[in-house]
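Here's the structure we're looking at; comments come further down.
Index from 1, following the sequence.
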Amino acid sequence: MFKSIFAKYFSVVGLIIATCFAAMCGMQMLFTSRYWVADKRTLLEENARNVGINAAANTERVDDNNYRIRTDALSPFLDLLADAIDAGVLVTDTEGRVLLHSNEHAGNVETGDTLNGSFMAELSAQKGQEYFSVGTLGGVYEDKQYTMGVPIVKDNRILGYVIASAPAEGLTNYLSNNLQMFVLSAIGVLTLAFIALYGITYHLVRPLRQMAAATRSFAVGDFSYRIQVKGKDEVAELATALNKMAVSLSSVEDMRRDFVSNVSHELKTPMTTIAGFIDGILDGTIPEEKRDRYLKIVSDEVKRLSRLVKTMLDLSRIDSGKLKVTPVNFDLTEVIGTVLLSFEQRIEAKDIRITGLEDCPRMNVTADYDLIGQVCYNLLDNAVKFTNEGGEIRVGLRRDEGRTYCTVHNTGVGIPAEEMPHVFERFYKSDKSRSLDKNGVGLGLYIVKTVIGLHHGEIVVRSVAGEYCEFSFWLPDPPSEEKKPEGRKSEGKKSDARKGEGRKVTEKNPDDSLSSHNK
């Protein structure tokens, strides 16, 4: 059976409070009864001892072995004392024969009666000490009594006993009155406690209910729900984390939708073109003398599809952690020059000036040749794409404090300030209109940042909207190497061969790299 956390918390805490009050009530009754009995015992003992002292004072010697208690002189004092302490008082000899009793509260006893032998035996066994018991005094009283027996001593001889008895039922009445007051007070306190507990429990559980509602909303794809955060406790931290998660999920969902839309468009356009031209060639609509021209268009569209698929595969490798770095030593300046040559037609078409390379020295780095080549390709592709007509691209290379710095600066539209924090996010495209970038899907700079990170470097962007944009990254120099053994030349040849092979791939088909990211 479902039971809400509110009901569970309220029930458990309420049960704990009620149990504590019940335990407190029991302890109060226990201590009260003990106090009551101790108080009665003290009262009976003190007054019985006073009677014993007076009885010893009013004793006369009959002969050498016998004494007689003058009951006539003791009787007024006995009655007065019995009324004062609300107890019955008996004066007996050592055998238990009643010599004198108070007129009130004396029970079923008369002068000359002999008390119960077992009681007297227990009293005598105390050897002159006080004796306290709870009972009917061997049938003298109908109800239980607190009984105190005190010896009458004179000349170091026990002449008899003073027995004082008070009703035990007074404790019951006293406890009943105390219990009644406690219960009435407890009801008032518990009422206030449960009202406060209800409010506190509701206040504590409300954020959890909001979190449950938020997660249900997130589960169906609605990330607009936000939890009200109050305070700075653990629940508030959890609510803040869920709100941040909702923002992140919403952003990812928006990027996913944009990505699906972009990829769908990118796939649909070339596939439609390819299908249309191939059908035209097959059914003879396109004359034979024009087939090579249209086959070239089909080939370009196939390459475009290949770039898109390769980008998806690279993204999958990044997400799965399979994108590995294979470092070799190569000239970064030469790589940048080779990439710029692949953009020669686009650069000439927009009349873009390339500056900075004439001052760049040979800059050898130890890194993954292909991955860094893709980084340079993406950054320069973006620069060419977004540079204004007749604008300038400036490339800078330098080494400083164990790092190799590379900067790509271009004039043109730049990046708005509000979009700067997002340029390295996956699927992000600042060119929403697609007027400048018709081929990108918003992954190039994300992959660039990932590749630089795999090399333990860093990339930053600076831009002023409408003026310029500048990307700058650095790669760490390799740690100083000890003198290598023989065979170094052959290893260098392998590195050179790898470098040449990479250049050939870039020159032959520069588009066969990670698809560039649109700013």
Side-chain angles (χ1 to χ4, degrees), residues 33-171 174:
S33 63
R34 288 183 176 180
Y35 171 79
W36 172 273
V37 173
D39 184 66
K40 282 295 183 182
R41 175 171 179 166
T42 301
L43 179 66
L44 293 175
E45 181 180 355
E46 290 178 353
N47 286 278
R49 185 177 290 111
N50 289 334
V51 173
I53 293 172
N54 283 319
N58 288 281
T59 299
E60 59 183 7
R61 184 187 292 270
V62 177
D63 51 38
D64 292 340
N65 295 322
N66 295 308
Y67 291 82
R68 183 175 68 85
I69 300 174
R70 295 171 54 193
T71 57
D72 54 339
L74 191 61
S75 179
F77 174 73
L78 203 67
D79 289 336
L80 184 62
L81 181 65
D83 289 337
I85 65 174
D86 192 22
V89 182
L90 306 176
V91 179
T92 69
D93 59 15
T94 56
E95 302 299 327
R97 186 168 62 87
V98 178
L99 302 177
L100 182 66
H101 64 80
S102 60
N103 292 327
E104 297 293 336
H105 314 294
N108 301 321
V109 67
E110 297 294 339
T111 302
D113 291 346
T114 302
L115 298 181
N116 183 273
S118 61
F119 173 79
M120 293 306 300
E122 292 176 358
L123 183 60
S124 300
Q126 299 302 312
K127 304 296 183 178
Q129 300 297 321
E130 294 83 1
Y131 173 72
F132 182 78
S133 67
V134 181
T136 61
L137 199 59
V140 173
Y141 297 98
E142 295 180 358
D143 300 323
K144 287 185 177 182
Q145 304 283 314
Y146 298 120
T147 301
M148 173 62 69
V150 176
I152 302 172
V153 180
K154 187 173 184 179
D155 298 335
N156 295 324
R157 294 181 61 183
I158 298 177
L159 306 180
Y161 297 95
V162 177
I163 301 171
S165 300
E169 66 179 6
L171 175 61
Y174 181 71

Gap between atom CD1 of Ile69 and atom CD1 of Ile152 - 0.5 Å precision: 4.0 Å
Check: residues 36-49 side-chain donor-acceptor pairs under 3.5 Å, at least two apart:
from, atom 1, to, atom 2, distance (Å)
Thr42, OG1, Ala38, O, 2.9
Glu45, OE2, Arg49, NH2, 2.8
Asn47, ND2, Leu43, O, 2.7
Arg49, NH2, Glu130, OE2, 2.6

Rounded at 0.5 Å granularity, tell me how far CG in Asp93 sits from CD1 in Ile158. 12.5 Å
Drop me the distance from Leu80's CG to Ile85's CD1, to the nearest 0.5 angstrom. 10.5 Å
Closest approach of Lys154 to Leu159 (non-hydrogen atoms, all atoms of both residues): CB-CD1, 3.7 Å
Using a 4.5 Å cut-off on heavy atoms from C-beta on, say whether the side chain of Ile163 contacts that of Leu123. yes
Side-chain contact test, heavy atoms from C-beta onward, threshold under 4.5 Å: evaluate it for Ser75 versus Leu100 and give yes or no. yes
Would you indicate whether Lys144, at its atom NZ, is surrounded by more than 12 heavy atoms from other residues, nucleotides or ligands within a distance under 6.0 Å? no
Looking at Thr147 and Phe119, what are the two nearest heavy atoms and their distance? CG2-CZ, 4.0 Å
Take Thr92 and Met120 through the side chain to side chain contact (heavy atoms under 4.5 Å, CB included) test and state the conclusion after the steps. CA-CA 10 Å; Thr92 69; Met120 293 306 300; 4.2 Å; yes
Can you find a heavy atom in the side chain of Pro151 that is under 4.5 Å from one in the side chain of Tyr131? no
How long is the span from the OG1 atom in Thr111 to the CG atom in Leu99, to the nearest 0.5 Å? 8.5 Å
If every non-hydrogen atom of Leu74 is compared with every non-hydrogen atom of Val51, which pair is closest and at what distance? CD1-O, 4.4 Å
Please assess Thr114 against Arg97 for the test side chain to side chain contact (heavy atoms under 4.5 Å, CB included), listing each intermediate value before the final yes or no. CA-CA 4 Å; Thr114 302; Arg97 186 168 62 87; 4.3 Å; yes
Indicate the atoms forming the closest heavy-atom contact of Asp113 with Glu110, along with that distance. OD2-N, 2.7 Å
Taking side chain as C-beta onward, heavy atoms only, is Gln145 less than 4.5 Å from Val140? no
For Gln126, which residues count as a side chain to side chain donor-acceptor pair (under 3.5 Å) partner, sequence neighbours excluded? none
Measure the OH-CE distance between Tyr161 and Met148 for me, rounded to the nearest 0.5 Å. 14.0 Å
Sidechain-backbone polar pair: Asp155 side chain, Arg157 backbone, donor-acceptor under 3.5 Å: no
